[in-house]
**Q** 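Below: one structure in C-alpha cells.
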Amino acid sequence: MKKPLIITIAVLFSILTANAQNLFIIGEKSYPCTEAMKLESNSDDHDDDDRYDLELFIAKGGNSGAVAVSTRSIYGSAFTGKLNIYLEDGSVLICNDSYASEQVDDRALALYYLTNEQLNALQQNNIHTVKYTIELIGEQKYSASNPGINTSVIISEFFNPTGKSSNIDETNNSPDEPPPLLEEPVEEKPFAYVEQMPTFPDGQEAMYIYIYSSIEYPEKAKQNGISGHIIVQFVVSKDGSIRDAKVVRGIGGGCNEEALRVVNSMPKWNPGMHNGRYVPVTFTLPIKFVLP
C-alpha cells in the first residue's frame, strides 16, 4: 500500500496541474509556477542519465517571484547554500540561502526568493547555466545548462499573460494591437512589475553592502540565538523614496524592527518606469541575519 502513495507524492511535489495551474509544492506551502524547464547536468558521471538533470521553475510567492529547483536526491542529499543563475547576456543572478529546502522520496527540492530586479532580468534574458550545491556528508557543487529552452519567453508569459479568455467579447479589440504590459494604475497604486524596475544606486551589490554594513544585530536576538531570513516589502515611489515598508516574514528578537530601520534609511532609488513615466513599484527584499 505504501508504494502507490509514495509515487503519488513524488509526482505532486514538483508540479501539480489543476485548471491549467501549475504548482510547486514544498513543505506545507504551494506556489503557482511555470512549467518545468529541464537543464542538463554538466557532470561527467551523469552524461547518459537524465535523472541527474535539474528541473527549474519560476514561481509566484505572494507579491514576489521565486526560483524553485528539483533534482534527484542520493541517500537523502539536499540543496544547501546559494544558487547562481548565469544568463546569456553574461550577467549573474545570485540567490542566497534558500527560503525552503527539503528531500521528498528520491528528489531534493529548494525554493529561493528573487528580487524584482532579478525577476525582471530573467524575463529579458535566457538562462544559460545554473550552479548549485548539494550536501550529504559534505558539500558538492554541481551545474546544469540550458539545452536551448527559451526561458525568458516562458517566464514573461507566466507573469504577463497575453492569452485571451474564450468568453471575452473581442468585437472591439484589434487583433494586430498587442495588450499592454500592465494596466495604467488607478490613483497611483503601486505596480508589481513594470518595463523598467527600480534599482538601488550603483546596483544590487551596492544595495547589499549598504544593508549589511548598516545592520546592528539586536542584543535580544544575540541572547536568544535568533537568526534567519526576513522578507521585507516596500514601495519605491515615483521620486525614488522608500515608503510603506513592512515585514511579510519575520524572525523576532528585534530583527524585524532592525530590518525595517535599515530599509527605511536607504537613499533614494532610481525609480521604476512604465510607458515612459515614473511610477511607484512594490519591491520585495530578503535580508539575512547571521549571528556574529
Side-chain angles (χ1 to χ4, degrees), residues 24 31-34 56-68 82-85 87 89 91-99 111-127 151-161 180-185 188-212 229-249 259-260 262-264 266-275 277-288:
F24 186 89
Y31 301 83
C33 67
T34 63
L56 183 142
F57 311 81
I58 302 299
K60 294 177 181 176
N63 291 324
S64 64
V67 56
K82 63 185 178 181
L83 190 79
N84 290 353
I85 303 174
L87 303 182
D89 68 349
S91 59
V92 183
L93 309 182
I94 300 176
C95 303
N96 291 313
D97 289 350
S98 61
Y99 170 72
L111 183 134
Y112 301 77
Y113 274 112
L114 296 165
T115 65
N116 287 348
E117 185 180 68
Q118 289 174 328
L119 182 57
N120 189 53
L122 286 168
Q123 295 182 72
Q124 301 298 322
N125 296 280
N126 284 329
I127 295 171
T151 60
S152 62
V153 171
I154 294 173
I155 298 167
S156 294
E157 290 182 351
F158 177 64
F159 282 94
N160 301 289
L181 178 65
L182 292 172
E183 294 181 357
E184 286 293 316
E188 289 301 301
K189 290 183 179 179
F191 285 99
Y193 306 102
V194 291
E195 294 168 348
Q196 183 176 317
M197 296 298 291
T199 57
F200 187 86
D202 297 324
Q204 180 176 305
E205 184 177 351
M207 176 186 68
Y208 279 111
I209 290 174
Y210 177 87
I211 289 173
Y212 291 117
H229 281 91
I230 292 177
I231 307 298
V232 179
Q233 189 176 92
F234 54 91
V235 174
V236 180
S237 302
K238 293 190 293 184
D239 64 355
S241 60
I242 303 300
R243 63 177 174 87
D244 301 337
K246 62 181 180 181
V247 172
V248 296
R249 176 177 177 266
L260 287 177
V262 172
V263 167
N264 284 319
M266 288 191 293
K268 284 189 175 182
W269 286 39
N270 303 312
M273 291 193 70
H274 179 64
N275 289 341
R277 66 186 186 88
Y278 294 121
V279 294
V281 181
T282 300
F283 203 93
T284 302
L285 181 67
I287 299 177
K288 185 177 181 181

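Heavy-atom basis, side chains included; hydrogens, waters and symmetry copies ignored. For reference, positions follow the sequence shown, starting with 1. Note that the structure is predicted; figures quoted are calculated from it, not measured.
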**Q** Would you say the side-chain atoms of T34 pair up with the backbone N or O of I154, donor to acceptor, closer than 3.5 Å?
**A** no
**Q** Establish, for the pair K288 and Y208, whether the NZ or CZ atom is under 6.0 angstrom from the six-membered ring centre and no further than 45 degrees off its axis.
**A** no
**Q** Do F200 and E117 come close enough that some side-chain heavy atom pair is under 4.5 Å?
**A** no
**Q** Would you say the side chain of V236 lies within less than 4.5 Å of the side chain of I242, judging by non-hydrogen atoms?
**A**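 I242 reaches V236 side chain to side chain.
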**Q** So, do Y113 and T284 sit near enough that their side-chain heavy atoms are less than 4.5 Å apart?
**A** no
**Q** Heavy-atom distance under 4.5 Å between the side chains of S152 and Q123, does that happen here?
**A** no
**Q** Is the backbone of T282 close enough, under 3.5 Å, to the side chain of N116 for a donor and an acceptor to pair up by distance?
**A** yes
**Q** Look at the aromatic rings of W269 and F283 and report parallel, tilted or perpendicular, splitting at 30° and 60°.
**A** perpendicular
**Q** Look up atom CD1 in I58 and atom OG1 in T151, then write down how far apart they are to the nearest 0.5 Å.
**A** 8.0 Å
**Q** Can you confirm whether T115 sits close enough to Q204 that some side-chain heavy atom of one is under 4.5 Å from a side-chain heavy atom of the other?
**A**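 Yes. Closest side-chain heavy atoms under 4.5 Å.
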**Q** Answer yes or no: is there a side-chain heavy-atom contact under 4.5 Å between C95 and V67?
**A**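 In short, these two side chains touch, coming nearer than 4.5 Å.
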**Q** For a quick test of reading the model, state the closest non-hydrogen atom pair linking A121 to L93 and the distance between them.
**A**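 Looks like CB-CD2, 4.1 Å.
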**Q** Tell me whether N96 contacts the main-chain N or O of K82 through its side chain, where contact means a donor paired with an acceptor under 3.5 Å.
**A**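 Not at all, since once roles are kept as given, no pair shorter than 3.5 Å links the two residues.
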**Q** For P271 and G240, which heavy atoms make the closest approach, and how far apart are they?
**A** CB-N, 4.0 Å
**Q** Write down the atom of F24, the atom of C33, and the distance for their closest heavy-atom approach.
**A** N-SG, 3.6 Å
**Q** Take a 6.0 Å sphere around CG of D202 and say whether it holds more than 12 heavy atoms from other residues, nucleotides or ligands.
**A** no
**Q** Could you grab the distance from atom CG of N125 to atom CD1 of I85, nearest 0.5 Å is fine?
**A** 12.0 Å
**Q** Give me the atom names and distance for the closest heavy-atom approach of A59 to Y31.
**A** CB-CB, 3.8 Å
**Q** Rounded at 0.5 Å granularity, tell me how far CE in M197 sits from CD in Q118.
**A**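 The CE atom of M197 sits 11.5 Å away from the CD atom of Q118.
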**Q** Do I127 and L87 make a side-chain contact, defined as non-hydrogen atoms from C-beta onward lying under 4.5 Å apart?
**A**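 Yes, side chains in contact.
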**Q** So which atom in P286 and which in I231 form the shortest heavy-atom distance, rounded to 0.1 Å?
**A**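 Smallest interatomic distance, heavy atoms only, reads CB-CD1, 3.7 Å.
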**Q** Using atom types as modelled and distance alone, determine if a side-chain donor or acceptor of R249 lies under 3.5 Å from a backbone N or O of H229.
**A**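 Side chain of R249 to backbone of H229: a pair is present.
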**Q** Which atoms form the tightest heavy-atom contact between R243 and P190, and what is the distance?
**A**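 Taking R243 first and P190 second, the nearest heavy atoms are NH2-CG, 4.2 Å.
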**Q** Does a side-chain heavy-atom distance below 4.5 Å link L119 with I155?
**A** yes
**Q** How many angstroms lie between atom CD1 of I211 and atom CG of L285, to the nearest 0.5 angstrom?
**A**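 These two atoms lie 4.5 Å from each other.
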**Q** Find the distance between CG (D244) and CD (Q233) and round it off to the nearest 0.5 Å.
**A** 10.0 Å
